[in-house]
Peer 1: 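Would you mind keeping the following structure in view while I ask a few things?
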Amino acid sequence: MPLTPGLLYLLASVTCSVTVAVLLKLARRYEVDVRQAIAMNYAVAALLCWFVLQPDPAALLAPTTPWAVLAALGVLLPSVFLAMAAAVRHAGIVRSDAAQRLSLFIPLLAAFLLFGEPVNGRKLAAILLAFSALACLLRRSASAATATGMTGVAPATGSPSSTATPDRGIWMWPLLVWLGYGVIDILFKQVARAGTAFAGGLLLAFVLAGGLMLAYLLARRVRWQGRHLLAGVALGVANFGNILTYIRAHQSLPEHPALVFASMNMGVITLGTLVGALVFREPLTRINALGIALALAAIVLMAPW
């Protein structure tokens, strides 16, 4: 298949999505204050949203504007971004990216349980595969779990606690990422259902998220440093680039939504796995590898072919 503009947008979106995880991984190595970087990320994303998507602020003044949903997005976006940073730090890029992509099954579950959408065999099978994939991805071998504690350092021989406590972050943070991004997806669908222009709702969500992070950092009296903010600029460009190119891919391939849906999610999981394993040497057990395979199978089964 030739590289059409739509496929190029897809490749760019996959690359930007994995780049966000890579930047969060590097933040720990270079001792970047992720909180400051995330706050700057939303400022940059809001500015890019304003200049590139050119939202109409007047659309937000409509009586149908779901302010409670937008406020919830303002709280959840930075919270889940912090959870993603912690997931990448504790569980690695592979598990974190896969957990984020598998979150798409939460809105599907909500459609069945909350919005009365009929269940069919294929969707039910996709959900079962997704939960099986998540269980495999969050599983860690016993030897790896007990080799290090929360600090990643083996305890001294003869210490009172010679058996380290397994790092709960290995499964806890990816689980929160999965749940958080799934709820965010539901909230954005509610924004669209209310008739609010997506660009305007996205801009307001960015502004609220950035404002909340700024208020938190001011309350904590953090010491602002240019290198943390510069990291946030890179994070914001990659974050917004992911959203923009994904939108453009759908616009360029209006007749092939399944191609965009499946390629985006499978591409992120595949590229994230390659980067995590080859660049950062993240260990994967056979059970984890099975989880990757099940995740890809669930996404293929879920796609509206």
Peer 1: Tell me the closest heavy-atom pair linking Val177 and Ser96, and the distance in Å.
Peer 2: CG1-O, 4.2 Å
Peer 1: Going by the rule ring-ring contact (aromatic ring centres under 6.0 Å, His included), which residues pair with Tyr9 if we only count those two or more places apart in sequence or in a different chain?
Peer 2: none
Peer 1: For residues Gly201 and Leu70, report the shortest heavy-atom separation together with the two atoms involved.
Peer 2: O-CD2, 3.8 Å
Peer 1: Quick one: CD1 on Ile93 to OG1 on Thr273, what's the gap to the nearest 0.5 Å?
Peer 2: 10.0 Å
Peer 1: Are Val75 and Leu73 linked, directly or through intermediate hydrophobic residues, by side-chain heavy-atom contacts shorter than 4.5 Å (ILVMFWY only)?
Peer 2: no
Peer 1: Can you tell if the side chain of Phe81 reaches within under 4.5 Å of the side chain of Val34, non-hydrogen atoms only?
Peer 2: no
Peer 1: For residues Ile186 and Pro107, report the shortest heavy-atom separation together with the two atoms involved.
Peer 2: CG1-CA, 3.8 Å
Peer 1: Rounded to the nearest 0.5 Å, how far apart are CD of Gln100 and OH of Tyr181?
Peer 2: 4.5 Å
Peer 1: Could you tell me the separation between the CZ atom of Arg95 and the CG atom of Leu134, rounded to the nearest 0.5 Å?
Peer 2: 11.5 Å
Peer 1: Should Arg29 and Arg89 be marked as a side-chain contact (heavy atoms from CB on, under 4.5 Å) after you check the CA-CA gap, both sets of side-chain angles, and the distance that decides it?
Peer 2: CA-CA 10 Å; Arg29 178 178 298 179; Arg89 184 169 67 251; over 6 Å; no
Peer 1: Go through the side-chain N and O atoms of Ser17 and Arg101 and say whether any donor and acceptor fall under 3.5 Å apart.
Peer 2: yes
Peer 1: Tell me every residue that passes side chain to side chain contact (heavy atoms under 4.5 Å, CB included) with Ala126, counting only those two or more places apart in sequence or in another chain.
Peer 2: Phe105, Leu301, Met302
Peer 1: What is the minimum heavy-atom distance between Val32 and Ala37, and which atoms define it?
Peer 2: CG1-CB, 4.3 Å
Peer 1: For Leu290, give me all partners under side chain to side chain contact (heavy atoms under 4.5 Å, CB included), at least two apart in sequence or on another chain.
Peer 2: Cys136, Leu294
Peer 1: Would Ile287 end up clustered with Leu128 when hydrophobic side chains under 4.5 Å apart are linked, directly or stepwise?
Peer 2: no
Peer 1: Report all side-chain donor-acceptor pairs from residues 202-223 shorter than 3.5 Å, counting only partners two or more places apart or in another chain.
Peer 2:
none

Peer 1: For the CZ atom of Phe261 and the CG atom of Leu10, what is their distance to the nearest 0.5 Å?
Peer 2: 12.5 Å
Peer 1: Write out all pairs satisfying ring pair (Phe, Tyr, Trp, His ring centres under 6.0 Å) with one or both partners inside residues 228-248, taking only residues at least two apart or from two chains.
Peer 2: Tyr246-His250
Peer 1: By the salt bridge (charged side-chain N to carboxylate O under 4.0 Å, His left out) test, which pairs, at least two apart or in different chains, include something from residues 269-298?
Peer 2: Lys25-Glu282
Peer 1: Under 4.5 Å between side-chain heavy atoms, chaining through other members, with only Ile, Leu, Val, Met, Phe, Trp and Tyr counted: pull out the rest of the cluster around Leu278, sorted by chain and number.
Peer 2: Leu274
Peer 1: Considering non-hydrogen atoms only, spot the tightest contact between Ala99 and Pro174 and give its length.
Peer 2: CB-O, 3.5 Å
Peer 1: Under a 4.5 Å cut-off applied to non-hydrogen side-chain atoms, are Ile170 and Leu138 in contact?
Peer 2: no
Peer 1: Please check if Leu24 and Leu26 belong to a single hydrophobic cluster, counting links between Ile, Leu, Val, Met, Phe, Trp and Tyr side chain heavy atoms closer than 4.5 Å.
Peer 2: yes
Peer 1: Can you sort out the partners of Ala238 under side chain to side chain contact (heavy atoms under 4.5 Å, CB included), two or more places apart, ordered by chain and number?
Peer 2: Thr19, Val20, Leu23
Peer 1: Quick one: are Ile299 and Ile269 in side-chain contact, heavy atoms under 4.5 Å?
Peer 2: yes
Peer 1: Roughly how far, to the nearest 0.5 Å, is CG of Leu253 from OG of Ser263?
Peer 2: 9.0 Å
Peer 1: Is it true that a side-chain atom of Ser103 and a backbone atom of Leu179 form a donor plus acceptor pair closer than 3.5 Å?
Peer 2: no
Peer 1: Between Leu76 and Leu187, does a side-chain contact (heavy atoms from CB on, under 4.5 Å) hold up when you go through it step by step?
Peer 2: CA-CA 10 Å; Leu76 274 177; Leu187 293 176; 3.6 Å; yes
Peer 1: Just so I know, are the side chains of Asn265 and Leu102 near enough to count as touching, which here means a heavy-atom distance under 4.5 Å?
Peer 2: no
Peer 1: Taking distance alone, no hydrogens or angles, what donor-acceptor pairs closer than 3.5 Å link side-chain atoms of residues 39-55 to residues at least two apart or in another chain?
Peer 2:
| residue | atom | partner | partner atom | Å |
| --- | --- | --- | --- | --- |
| Asn41 | OD1 | Asn239 | ND2 | 3.3 |
| Asn41 | ND2 | Ile38 | O | 3.3 |
| Tyr42 | OH | Leu77 | O | 2.9 |

Peer 1: What residues form a side chain to side chain contact (heavy atoms under 4.5 Å, CB included) with Val18, not counting sequence neighbours?
Peer 2: Val22, Asp97, Val268, Leu271, Val275
Peer 1: For Arg35, give me all partners under salt bridge (Lys or Arg N to Asp or Glu O under 4.0 Å), at least two apart in sequence or on another chain.
Peer 2: Asp33
Peer 1: Are Leu109 and Leu124 co-members of a hydrophobic cluster defined by side-chain heavy atoms under 4.5 Å apart?
Peer 2: yes
Peer 1: Is any side-chain heavy atom of Asn242 less than 4.5 Å from a side-chain heavy atom of Val14?
Peer 2: no
Peer 1: Would you please name every residue forming a ring-ring contact (aromatic ring centres under 6.0 Å, His included) with Phe131, sequence neighbours left out?
Peer 2: Trp178
Peer 1: Quick check for you: to the nearest 0.5 Å, what is the distance between Thr245 atom OG1 and Met264 atom CE?
Peer 2: 6.5 Å
Peer 1: Do Pro66 and Gln190 make a side-chain contact, defined as non-hydrogen atoms from C-beta onward lying under 4.5 Å apart?
Peer 2: no
Peer 1: Ignoring hydrogens and geometry, is there a side-chain-to-backbone donor-acceptor pair from Asn288 to Thr285 under 3.5 Å?
Peer 2: yes
Peer 1: Apply side-chain contact (heavy atoms from CB on, under 4.5 Å) to Gln36 and Leu230, showing your working.
Peer 2: CA-CA 10 Å; Gln36 293 184 42; Leu230 189 61; over 6 Å; no
Peer 1: For Gly241 and Cys16, which heavy atoms make the closest approach, and how far apart are they?
Peer 2: C-SG, 3.8 Å
